[in-house]
Chemist: 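Please read through the structure below; I'll follow up with questions.
In the text below, chain A, chain B and the rest are named by the order of the sequence lines, each starting its count at 1. All heavy atoms count here, side chains included; hydrogens, waters and symmetry mates do not.
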Number of protein chains: 2
Amino acid sequence: MSSPEPGHAQAGRALADPAPVFAALGDTTRLKLVSRLGDGQAHSIAQLTDGLELTRQGVTKHLRVLEQAGLVRSSRVGRESRFTYVPEPIEDARSYLDSVSEQWDDALSRLKSFIES
Amino acid sequence: MSSPEPGHAQAGRALADPAPVFAALGDTTRLKLVSRLGDGQAHSIAQLTDGLELTRQGVTKHLRVLEQAGLVRSSRVGRESRFTYVPEPIEDARSYLDSVSEQWDDALSRLKSFIES
DNA sequence: GATAAACGCAACCAGAGGGTTGCTTATGAA
DNA sequence: TTCATAAGCAACCCTCTGGTTGCGTTTATC
(Lines give C-alpha, C1' and ligand atoms only; values in the text may rest on other atoms or scores of the structure.)
Protein backbone atom coordinates (compact mmCIF):
# COMPACT_ATOMS: atom_id res chain seq x y z
CA MET A 1 0.00 0.00 0.00
CA SER A 2 2.06 2.89 -1.25
CA SER A 3 0.81 3.94 -4.67
CA PRO A 4 0.41 7.65 -5.33
CA GLU A 5 -2.92 7.67 -3.50
CA PRO A 6 -6.16 7.10 -5.54
CA GLY A 7 -7.66 4.66 -3.15
CA HIS A 8 -9.41 1.87 -4.93
CA ALA A 9 -6.49 0.83 -7.14
CA GLN A 10 -8.95 0.35 -10.04
CA ALA A 11 -9.51 -2.77 -12.06
CA GLY A 12 -6.75 -2.93 -14.70
CA ARG A 13 -2.98 -2.78 -14.55
CA ALA A 14 -0.73 -1.68 -11.72
CA LEU A 15 0.24 1.72 -13.14
CA ALA A 16 3.21 2.23 -10.88
CA ASP A 17 3.61 5.99 -11.12
CA PRO A 18 1.57 7.79 -13.72
CA ALA A 19 3.41 11.09 -13.29
CA PRO A 20 6.07 10.46 -15.98
CA VAL A 21 3.39 9.67 -18.54
CA PHE A 22 1.49 12.85 -17.72
CA ALA A 23 4.73 14.81 -17.84
CA ALA A 24 5.43 13.40 -21.30
CA LEU A 25 1.98 14.50 -22.41
CA GLY A 26 2.45 17.92 -20.89
CA ASP A 27 3.77 19.54 -24.02
CA THR A 28 1.83 20.68 -27.07
CA THR A 29 4.44 19.47 -29.53
CA ARG A 30 4.48 16.01 -27.99
CA LEU A 31 0.70 15.87 -28.01
CA LYS A 32 0.79 16.55 -31.72
CA LEU A 33 3.35 13.83 -32.20
CA VAL A 34 1.31 11.32 -30.21
CA SER A 35 -1.76 12.21 -32.16
CA ARG A 36 0.02 11.83 -35.45
CA LEU A 37 1.38 8.48 -34.38
CA GLY A 38 -2.07 7.46 -33.25
CA ASP A 39 -2.89 6.62 -36.85
CA GLY A 40 -1.25 3.27 -36.24
CA GLN A 41 1.38 3.79 -38.89
CA ALA A 42 5.13 3.95 -38.34
CA HIS A 43 6.63 7.35 -39.06
CA SER A 44 10.18 8.45 -39.64
CA ILE A 45 11.64 11.44 -37.85
CA ALA A 46 11.77 13.43 -41.06
CA GLN A 47 8.10 12.71 -41.65
CA LEU A 48 7.18 13.79 -38.15
CA THR A 49 9.27 16.92 -38.38
CA ASP A 50 7.35 18.03 -41.42
CA GLY A 51 4.60 20.44 -40.37
CA LEU A 52 6.08 21.17 -36.98
CA GLU A 53 7.95 24.44 -36.78
CA LEU A 54 11.13 23.24 -35.18
CA THR A 55 14.34 21.46 -36.02
CA ARG A 56 14.62 17.77 -36.65
CA GLN A 57 16.83 17.61 -33.58
CA GLY A 58 14.11 19.25 -31.54
CA VAL A 59 11.61 16.68 -32.74
CA THR A 60 14.09 13.92 -32.01
CA LYS A 61 14.40 15.10 -28.43
CA HIS A 62 10.65 15.08 -27.98
CA LEU A 63 10.44 11.61 -29.47
CA ARG A 64 13.04 10.36 -27.01
CA VAL A 65 11.00 11.78 -24.17
CA LEU A 66 7.92 9.98 -25.45
CA GLU A 67 9.92 6.82 -25.89
CA GLN A 68 11.30 6.92 -22.38
CA ALA A 69 7.80 7.37 -21.04
CA GLY A 70 6.84 4.26 -23.00
CA LEU A 71 4.32 6.04 -25.18
CA VAL A 72 6.22 5.23 -28.32
CA ARG A 73 8.62 2.66 -29.65
CA SER A 74 11.38 3.14 -32.19
CA SER A 75 13.23 0.85 -34.54
CA ARG A 76 15.79 1.42 -37.19
CA VAL A 77 14.78 0.47 -40.73
CA GLY A 78 17.40 1.18 -43.32
CA ARG A 79 18.57 4.72 -42.88
CA GLU A 80 15.53 5.89 -41.00
CA SER A 81 14.18 5.36 -37.49
CA ARG A 82 10.54 4.51 -37.41
CA PHE A 83 8.37 5.44 -34.45
CA THR A 84 5.16 3.68 -33.57
CA TYR A 85 2.46 4.32 -31.02
CA VAL A 86 2.23 2.18 -27.90
CA PRO A 87 -1.29 2.23 -26.42
CA GLU A 88 -0.79 0.87 -22.91
CA PRO A 89 0.58 3.90 -21.06
CA ILE A 90 -2.24 6.08 -22.26
CA GLU A 91 -4.74 3.45 -21.21
CA ASP A 92 -3.12 3.48 -17.80
CA ALA A 93 -3.22 7.25 -17.60
CA ARG A 94 -6.85 7.16 -18.61
CA SER A 95 -7.80 4.71 -15.91
CA TYR A 96 -5.87 6.76 -13.41
CA LEU A 97 -7.95 9.80 -14.26
CA ASP A 98 -11.01 7.59 -14.04
CA SER A 99 -10.11 6.67 -10.50
CA VAL A 100 -9.66 10.30 -9.54
CA SER A 101 -13.03 11.23 -11.02
CA GLU A 102 -14.61 8.27 -9.32
CA GLN A 103 -13.15 9.26 -5.99
CA TRP A 104 -14.58 12.71 -6.51
CA ASP A 105 -18.02 11.41 -7.44
CA ASP A 106 -18.09 9.18 -4.39
CA ALA A 107 -17.13 12.06 -2.14
CA LEU A 108 -19.90 14.16 -3.61
CA SER A 109 -22.60 11.57 -3.19
CA ARG A 110 -21.51 10.89 0.37
CA LEU A 111 -21.72 14.58 1.06
CA LYS A 112 -25.14 14.77 -0.53
CA SER A 113 -26.59 11.89 1.42
CA PHE A 114 -25.13 13.38 4.59
CA ILE A 115 -26.87 16.68 3.97
CA GLU A 116 -30.17 14.99 3.17
CA SER A 117 -30.18 12.91 6.33
CA MET B 1 -9.87 24.45 -36.92
CA SER B 2 -6.53 24.41 -35.21
CA SER B 3 -6.76 22.32 -32.07
CA PRO B 4 -3.80 20.11 -31.15
CA GLU B 5 -4.90 17.40 -33.54
CA PRO B 6 -7.19 14.57 -32.25
CA GLY B 7 -9.55 14.70 -35.15
CA HIS B 8 -13.11 14.25 -34.03
CA ALA B 9 -13.16 17.06 -31.44
CA GLN B 10 -15.17 14.75 -29.15
CA ALA B 11 -18.61 15.41 -27.70
CA GLY B 12 -18.11 17.54 -24.57
CA ARG B 13 -16.29 20.78 -23.91
CA ALA B 14 -13.83 22.66 -26.07
CA LEU B 15 -10.66 21.66 -24.21
CA ALA B 16 -8.50 24.30 -25.80
CA ASP B 17 -5.05 22.91 -25.08
CA PRO B 18 -4.82 19.98 -22.71
CA ALA B 19 -1.04 20.18 -22.41
CA PRO B 20 -0.96 22.50 -19.37
CA VAL B 21 -3.28 20.18 -17.46
CA PHE B 22 -1.12 17.17 -18.24
CA ALA B 23 1.96 19.14 -17.30
CA ALA B 24 0.38 19.99 -13.96
CA LEU B 25 -0.33 16.31 -13.39
CA GLY B 26 3.19 15.36 -14.38
CA ASP B 27 4.60 15.43 -10.89
CA THR B 28 4.19 12.85 -8.16
CA THR B 29 3.78 15.41 -5.40
CA ARG B 30 1.04 17.20 -7.31
CA LEU B 31 -0.71 13.92 -8.01
CA LYS B 32 -0.76 13.24 -4.31
CA LEU B 33 -2.18 16.68 -3.67
CA VAL B 34 -4.88 16.25 -6.28
CA SER B 35 -5.75 12.89 -4.86
CA ARG B 36 -5.96 14.25 -1.36
CA LEU B 37 -8.16 17.11 -2.53
CA GLY B 38 -10.33 14.64 -4.40
CA ASP B 39 -12.09 13.87 -1.14
CA GLY B 40 -14.25 16.89 -1.80
CA GLN B 41 -13.15 18.68 1.33
CA ALA B 42 -11.32 22.00 1.52
CA HIS B 43 -7.80 21.72 2.89
CA SER B 44 -5.41 24.29 4.25
CA ILE B 45 -1.82 24.43 3.11
CA ALA B 46 -0.59 23.26 6.50
CA GLN B 47 -2.92 20.28 6.30
CA LEU B 48 -1.70 19.40 2.84
CA THR B 49 1.93 19.81 3.81
CA ASP B 50 1.52 17.23 6.54
CA GLY B 51 2.70 13.85 5.31
CA LEU B 52 4.62 15.22 2.34
CA GLU B 53 8.33 15.41 2.88
CA LEU B 54 8.92 18.94 1.77
CA THR B 55 8.56 22.48 3.00
CA ARG B 56 5.31 24.34 3.26
CA GLN B 57 6.70 26.73 0.66
CA GLY B 58 7.33 23.83 -1.66
CA VAL B 59 3.78 22.65 -1.26
CA THR B 60 2.53 26.17 -1.82
CA LYS B 61 4.37 26.34 -5.13
CA HIS B 62 2.83 23.07 -6.27
CA LEU B 63 -0.60 24.28 -5.25
CA ARG B 64 -0.14 27.44 -7.28
CA VAL B 65 0.77 25.32 -10.30
CA LEU B 66 -2.37 23.26 -9.84
CA GLU B 67 -4.40 26.40 -9.39
CA GLN B 68 -3.07 27.98 -12.54
CA ALA B 69 -3.93 24.83 -14.46
CA GLY B 70 -7.44 25.16 -13.10
CA LEU B 71 -7.34 21.86 -11.24
CA VAL B 72 -7.83 23.53 -7.90
CA ARG B 73 -9.34 26.66 -6.46
CA SER B 74 -8.20 28.59 -3.42
CA SER B 75 -9.90 31.00 -1.05
CA ARG B 76 -8.78 32.70 2.08
CA VAL B 77 -10.74 31.81 5.21
CA GLY B 78 -9.51 33.53 8.30
CA ARG B 79 -5.79 33.02 8.51
CA GLU B 80 -5.70 30.01 6.27
CA SER B 81 -5.99 29.42 2.51
CA ARG B 82 -8.33 26.63 1.67
CA PHE B 83 -7.87 24.65 -1.50
CA THR B 84 -10.64 22.69 -3.17
CA TYR B 85 -10.75 20.32 -6.09
CA VAL B 86 -12.16 21.43 -9.43
CA PRO B 87 -13.34 18.47 -11.52
CA GLU B 88 -13.68 19.93 -15.02
CA PRO B 89 -10.05 20.00 -16.20
CA ILE B 90 -9.54 16.36 -15.32
CA GLU B 91 -12.76 15.48 -17.10
CA ASP B 92 -11.40 17.29 -20.13
CA ALA B 93 -8.06 15.53 -19.91
CA ARG B 94 -9.86 12.24 -19.61
CA SER B 95 -11.94 12.82 -22.71
CA TYR B 96 -8.84 13.90 -24.55
CA LEU B 97 -7.19 10.60 -23.76
CA ASP B 98 -10.41 8.90 -24.79
CA SER B 99 -10.18 10.53 -28.19
CA VAL B 100 -6.59 9.40 -28.62
CA SER B 101 -7.48 5.83 -27.70
CA GLU B 102 -10.46 5.96 -29.99
CA GLN B 103 -8.34 7.18 -32.87
CA TRP B 104 -5.98 4.31 -32.22
CA ASP B 105 -8.77 1.74 -32.12
CA ASP B 106 -10.21 3.05 -35.36
CA ALA B 107 -6.83 2.84 -37.03
CA LEU B 108 -6.43 -0.73 -35.85
CA SER B 109 -9.79 -1.89 -37.09
CA ARG B 110 -9.26 -0.23 -40.45
CA LEU B 111 -5.94 -2.00 -40.72
CA LYS B 112 -7.54 -5.27 -39.77
CA SER B 113 -10.36 -5.04 -42.29
CA PHE B 114 -7.82 -4.06 -44.92
CA ILE B 115 -5.77 -7.15 -44.25
CA GLU B 116 -8.80 -9.39 -44.30
CA SER B 117 -10.05 -8.06 -47.62
C1' DG C 1 31.99 6.11 -56.83
C1' DA C 2 29.80 10.49 -55.86
C1' DT C 3 25.87 12.77 -54.00
C1' DA C 4 21.97 13.34 -51.20
C1' DA C 5 18.94 11.82 -47.59
C1' DA C 6 18.15 10.45 -42.77
C1' DC C 7 19.93 10.32 -38.83
C1' DG C 8 23.10 10.35 -34.25
C1' DC C 9 26.12 12.88 -31.17
C1' DA C 10 27.79 16.77 -28.63
C1' DA C 11 28.01 21.41 -27.22
C1' DC C 12 25.74 25.20 -26.03
C1' DC C 13 22.08 28.50 -24.43
C1' DA C 14 18.19 30.81 -21.98
C1' DG C 15 14.55 29.96 -19.19
C1' DA C 16 11.45 27.23 -16.40
C1' DG C 17 11.03 24.00 -12.33
C1' DG C 18 11.45 22.07 -7.85
C1' DG C 19 13.27 23.05 -3.75
C1' DT C 20 15.19 25.68 0.12
C1' DT C 21 15.85 29.58 3.71
C1' DG C 22 14.80 33.98 5.92
C1' DC C 23 11.75 37.39 7.08
C1' DT C 24 7.28 39.84 7.34
C1' DT C 25 2.29 40.00 7.88
C1' DA C 26 -2.34 38.69 9.30
C1' DT C 27 -5.35 36.15 12.36
C1' DG C 28 -6.85 33.43 16.28
C1' DA C 29 -6.45 32.02 21.07
C1' DA C 30 -4.94 32.67 26.17
C1' DT D 1 -2.04 42.30 24.91
C1' DT D 2 0.84 38.69 24.07
C1' DC D 3 1.90 34.57 21.76
C1' DA D 4 1.56 31.09 18.40
C1' DT D 5 -0.31 29.58 14.00
C1' DA D 6 -0.98 30.06 8.95
C1' DA D 7 0.56 31.96 5.33
C1' DG D 8 2.77 35.41 1.85
C1' DC D 9 6.98 37.40 -0.34
C1' DA D 10 11.52 37.34 -2.08
C1' DA D 11 15.97 35.67 -2.96
C1' DC D 12 18.68 32.06 -4.06
C1' DC D 13 20.19 27.37 -5.57
C1' DC D 14 20.83 23.60 -8.85
C1' DT D 15 18.91 20.81 -12.35
C1' DC D 16 16.05 19.77 -16.15
C1' DT D 17 14.05 21.26 -20.53
C1' DG D 18 13.16 22.94 -25.00
C1' DG D 19 15.53 24.61 -28.49
C1' DT D 20 19.44 25.58 -31.46
C1' DT D 21 23.87 24.76 -34.41
C1' DG D 22 27.68 22.10 -36.22
C1' DC D 23 29.58 17.99 -37.69
C1' DG D 24 30.14 13.11 -38.44
C1' DT D 25 28.05 8.54 -40.03
C1' DT D 26 25.22 5.37 -42.34
C1' DT D 27 22.30 4.15 -46.16
C1' DA D 28 20.08 4.95 -50.79
C1' DT D 29 20.21 6.50 -55.26
C1' DC D 30 22.16 8.08 -59.78
Side-chain angles (χ1 to χ4, degrees), chain A residues 4-5 17-37 41-85 89 93, chain B residues 4-5 17-37 41-85 89 93:
Chain A
E5 306 299 311
D17 183 11
V21 175
F22 287 128
L25 294 174
D27 179 283
T28 308
T29 301
R30 286 197 292 268
L31 282 184
K32 289 182 188 168
L33 288 172
V34 166
S35 165
R36 201 175 298 189
L37 288 166
Q41 309 279 340
H43 295 270
S44 72
I45 297 180
Q47 263 174 47
L48 292 169
T49 300
D50 193 67
L52 300 181
E53 296 183 344
L54 70 161
T55 318
R56 170 183 59 91
Q57 291 303 332
V59 174
T60 300
K61 282 198 178 182
H62 282 298
L63 287 171
R64 297 303 169 198
V65 172
L66 290 174
E67 186 177 27
Q68 216 187 341
L71 293 167
V72 131
R73 183 177 297 121
S74 81
S75 64
R76 200 78 195 250
V77 176
R79 67 179 160 183
E80 52 187 20
S81 0
R82 301 248 174 91
F83 285 81
T84 58
Y85 180 78
Chain B
E5 305 300 307
D17 184 12
V21 175
F22 287 127
L25 294 174
D27 179 283
T28 308
T29 301
R30 285 196 292 267
L31 282 184
K32 289 182 188 167
L33 288 172
V34 166
S35 164
R36 200 174 300 189
L37 288 166
Q41 309 278 341
H43 296 270
S44 71
I45 296 180
Q47 264 175 47
L48 293 169
T49 300
D50 193 67
L52 300 181
E53 294 182 345
L54 69 160
T55 319
R56 171 181 57 89
Q57 291 302 332
V59 175
T60 300
K61 282 199 179 183
H62 283 298
L63 287 170
R64 295 305 169 198
V65 172
L66 290 174
E67 185 176 28
Q68 215 187 341
L71 293 167
V72 130
R73 183 177 297 120
S74 81
S75 64
R76 200 80 196 251
V77 176
R79 65 180 161 183
E80 54 187 20
S81 308
R82 300 248 174 91
F83 284 81
T84 58
Y85 180 78

Chemist: Calculate the interatomic distance between B/L48 atom CG and D/dT5 atom P; express it in whole Å.
Modeler: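 The distance from CG of B/L48 to P of D/dT5 comes to 19 Å, rounded to the nearest Å.
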Chemist: Just how far is it from atom CG of B/L33 to atom NE2 of B/H62, taken to the nearest 0.5 Å?
Modeler: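 Answer for the CG-NE2 pair, B/L33 versus B/H62, is 7.5 Å.
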Chemist: Please report, rounded to the nearest Å, how far the P atom of D/dA7 is from the CD atom of B/Q47.
Modeler: 8 Å
Chemist: Which residues pass the salt bridge (Lys or Arg N to Asp or Glu O under 4.0 Å) test with A/R73, sequence neighbours left out?
Modeler: none
Chemist: Dot-bracket for DNA chain D: what is it, with Watson-Crick or G-U pairs under 3.5 Å, [ ] where a pair crosses earlier ones, and | for a pair to another strand?
Modeler: ||||||||||||||||||||||||||||||
Chemist: Nearest-Å distance, CG (B/L66) to P (C/dG18)?
Modeler: 10 Å
Chemist: To the nearest 0.5 Å, what is the distance between CG on A/L66 and OG1 on A/T29?
Modeler: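 These two atoms lie 10.0 Å from each other.
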Chemist: With a 4.0 Å heavy-atom cut-off, tell me which residues in residues 51-64 of chain A come close to DNA chain D, sorted by residue number.
Modeler: A/L54, A/T55, A/Q57, A/G58, A/K61, A/H62
Chemist: Do the side chains of A/L54 and A/K61 get nearer than 4.5 Å, heavy atoms only?
Modeler: no
Chemist: Without decimals, in angstroms, what is the distance between A/D27 CG and D/dC16 C1'?
Modeler: 14 Å
Chemist: Do B/L37 and B/L71 come within less than 4.5 Å of each other through their side chains, counting heavy atoms only?
Modeler: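 SC-SC contact between B/L37 and B/L71 ruled out.
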Chemist: List the residues meeting side chain to side chain contact (heavy atoms under 4.5 Å, CB included) with B/R64, not counting sequence neighbours, and say none if there are none.
Modeler: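 Residues passing side chain to side chain contact (heavy atoms under 4.5 Å, CB included) with B/R64: B/T60, B/E67, B/S74, B/F83.
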Chemist: Send over the distance from B/L25 CG to C/dG18 P, rounded to a whole Å.
Modeler: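 After rounding, the reported distance stands at 12 Å.
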Chemist: Find the distance between CG (B/D17) and CZ (B/F22) and round it off to the nearest 0.5 Å.
Modeler: 10.0 Å
Chemist: Tell me, do B/L25 and B/L31 make a side-chain contact under 4.5 Å, heavy atoms counted?
Modeler: yes
Chemist: Within this structure, what is the CG-CZ distance for the pair A/L48 and A/R82, rounded to the nearest 0.5 Å?
Modeler: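 Between atom CG of A/L48 and atom CZ of A/R82 there are 11.5 Å.
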Chemist: As an exercise, state the distance from CD of B/Q57 to CD1 of B/I45, rounded to the nearest 0.5 Å.
Modeler: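 B/Q57 CD to B/I45 CD1: 8.0 Å, rounded to 0.5 Å.
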Chemist: Using a 4.0 Å cut-off on heavy atoms, which residues in residues 71-83 of chain B reach DNA chain C? List them by number, or say none.
Modeler: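 Within this stretch, B/G78, B/R79 sit under 4.0 Å of the strand.
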Chemist: Could you name each residue pair satisfying side-chain hydrogen bond (donor to acceptor under 3.5 Å, both in side chains) that touches residues 44-53 of chain A, not counting sequence neighbours?
Modeler: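 For residues 44-53 of chain A, and leaving out neighbouring residues, the side-chain hydrogen bond (donor to acceptor under 3.5 Å, both in side chains) pairs sorted by first residue read A/H43-A/Q47.
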